[in-house]
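Below: the structure, in structure tokens.
As the structure is a computational prediction, the values presented were derived from the model and not from experiment.
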Amino acid sequence: MGTHSLLVFRVRNKVVLKVFTQFDGYPSGNTADIARFLLELGPEIVGDYLVAGIVAALKTKPGNFYAIVVDTAVEADDEYYDYMFEFDVDDCVKVSVNWDDEQISMMTVRQFCTYCEVDVPASFIEPTVAFKELDDESKYFEYVTMVDEQGHTFFHAKVFGEWNKVLSESTLSIHIGNGIGFGEQYNLYAFANGIDCLALQVLKLSVENVCKEVILLPDFDPHTAGNVPVNKIAFYDPKHLFRSISDMEENAPGENQNDLATRRLHGIHHIFNGFASVKVKTMSS
């Protein structure tokens, strides 16, 4: 069992994303990667894109980092999480941490790095945060909402780029066992991830393949979008493909080929304004 942590991201006092870390959630583990990321941004940070940028940097492979439905109520003393980190982005970045019965509130980036055992250069200047709030109608953008099977929101995003076109024309493939990529197909067998993992992988690809200008929104009403494209992505957990979860757990990769190993997830083959779903096909290897 790994060290679990909960990452809560707030922008201007509103929660825009919650992430569960399955292992290495202690300060000198995965959280230190966030500290290093913040160090590399320089003295001026664009607050609009910061949270999506952190996810893109953290989500280097499937697993470990999972999105949590954003309105899930989580208490600081929840015993499931060994650590709870809260990132507040306003005119500066502050980080608070809760573990056991102890709490450190509103650490500066320098203090947070020191807490995570990350070396801080002597020349380091505590960064300030500015918000561009790109609402210029001359700059094209689309809305993206990621939901679970029940329609609960993982996050809302505003993407300055042709999100729908890029993901459609590139035939974005959603994969459980081996991650996510353009125009690729991976075996679905022996996976350990699900819709909560895929949500962060798509957010990562939005930053890296569509536009780095991705703003996570605290809420969003599609009825106010006007003529702006709204992309709502619902992932249907591929675990439902299997006869039972025990099949996945008891059979090592390569066994039972006729039953499980030939099942593959083709991915999203058509995304359109209003809704998209993961299309699944059964195909021979």
Side-chain angles (χ1 to χ4, degrees), residues 9-12 14-17 19 37 40-42 44-59 67 70 89-91 93 128-148 151-175 179-184 195 198-235 266-279:
F9 297 93
R10 291 189 190 88
V11 177
R12 291 178 166 177
K14 293 184 178 181
V15 176
V16 297
L17 185 68
V19 175
F37 178 83
E40 295 173 358
L41 293 179
E44 297 181 0
I45 295 175
V46 179
D48 308 75
Y49 322 133
L50 179 58
V51 178
I54 289 174
V55 171
L58 285 178
K59 194 66 175 173
V70 72
V89 183
D90 206 318
D91 56 349
V93 178
T128 58
V129 176
F131 291 88
K132 289 189 175 182
E133 298 180 319
L134 295 178
D135 289 322
D136 184 356
E137 293 185 0
S138 66
K139 190 172 181 62
Y140 183 83
F141 66 88
E142 298 182 15
Y143 291 110
V144 178
T145 293
M146 313 293 298
V147 300
D148 67 7
H152 301 134
T153 301
F154 286 125
F155 60 80
H156 302 289
K158 185 176 183 179
V159 183
F160 287 86
E162 296 182 310
W163 190 91
N164 187 292
K165 180 180 179 181
V166 170
L167 268 63
S168 294
E169 293 186 354
S170 301
T171 314
L172 174 63
S173 296
I174 305 297
H175 320 293
I180 190 169
F182 286 98
E184 301 174 357
I195 54 179
L198 293 174
L200 292 187
Q201 289 177 298
V202 167
L203 179 56
K204 175 185 178 69
L205 280 190
S206 297
V207 173
E208 295 185 345
N209 293 282
V210 181
C211 181
K212 293 186 181 300
E213 297 172 349
V214 176
I215 301 175
L216 291 181
L217 307 172
D219 48 51
F220 171 65
D221 181 358
H223 297 98
T224 65
N227 295 324
V228 177
V230 177
N231 304 281
K232 183 177 182 181
I233 311 303
F235 290 126
H266 259 219
I268 296 178
H269 288 284
H270 50 254
I271 304 175
F272 51 92
N273 294 342
F275 190 79
S277 62
V278 175
K279 294 197 67 178

Check against side chain to side chain contact (heavy atoms under 4.5 Å, CB included), Val93 and Val129:
CA-CA 7 Å; Val93 178; Val129 176; 3.8 Å; yes
Test your reading of the model: is there a side-chain donor-acceptor pair from Asn231 to the backbone of Tyr143, 3.5 Å cut-off?
yes
Go through the structure and list residues passing ring-ring contact (aromatic ring centres under 6.0 Å, His included) with Phe131, not counting sequence neighbours.
none
So, Glu213 and Lys132, do they make that salt bridge, N to O below 4.0 Å?
no
Determine, step by step, whether Val210 and Leu205 satisfy the side chain to side chain contact (heavy atoms under 4.5 Å, CB included) criterion, reporting the C-alpha distance in whole Å, the side-chain angles of both residues, the deciding distance to 0.1 Å, and the verdict.
CA-CA 7 Å; Val210 181; Leu205 280 190; over 6 Å; no
Any heavy-atom pair between the side chains of Trp163 and Val202 that's under 4.5 Å?
yes
Which residues pass the side-chain contact (heavy atoms from CB on, under 4.5 Å) test with Val55, sequence neighbours left out?
Leu17, Leu200, Leu203
Considering all heavy atoms of both residues, which atom of Tyr140 and which atom of Glu142 are nearest to each other, and what is their separation?
OH-OE2, 2.7 Å
Could you tell me if the side chain of Val19 sits less than 4.5 Å from the side chain of Phe9, heavy atoms only?
yes
For Asp219, side-chain contact (heavy atoms from CB on, under 4.5 Å) partners two or more places apart
none
Nearest 0.5 Å, what's the OG1-CG distance between Thr153 and Leu217?
11.5 Å
Side chain to side chain contact (heavy atoms under 4.5 Å, CB included) between Phe220 and Val230, intermediate numbers included:
CA-CA 10 Å; Phe220 171 65; Val230 177; 3.9 Å; yes
May I have the step-by-step check of side chain to side chain contact (heavy atoms under 4.5 Å, CB included) for Phe160 and Asp48, ending in yes or no?
CA-CA 12 Å; Phe160 287 86; Asp48 308 75; over 6 Å; no
Any sub-3.5 Å donor-acceptor pair from Lys204's side-chain atoms to Lys59's backbone N or O?
yes
Say you draw a straight line from NZ of Lys158 to OH of Tyr49; how long is it, rounded to the nearest 0.5 Å?
9.5 Å
Could you tell me which residues satisfy side-chain hydrogen bond (donor to acceptor under 3.5 Å, both in side chains) with Asp221, sequence neighbours excluded, listed by chain and number?
His223
Quick one: are Val159 and Ile215 in side-chain contact, heavy atoms under 4.5 Å?
no
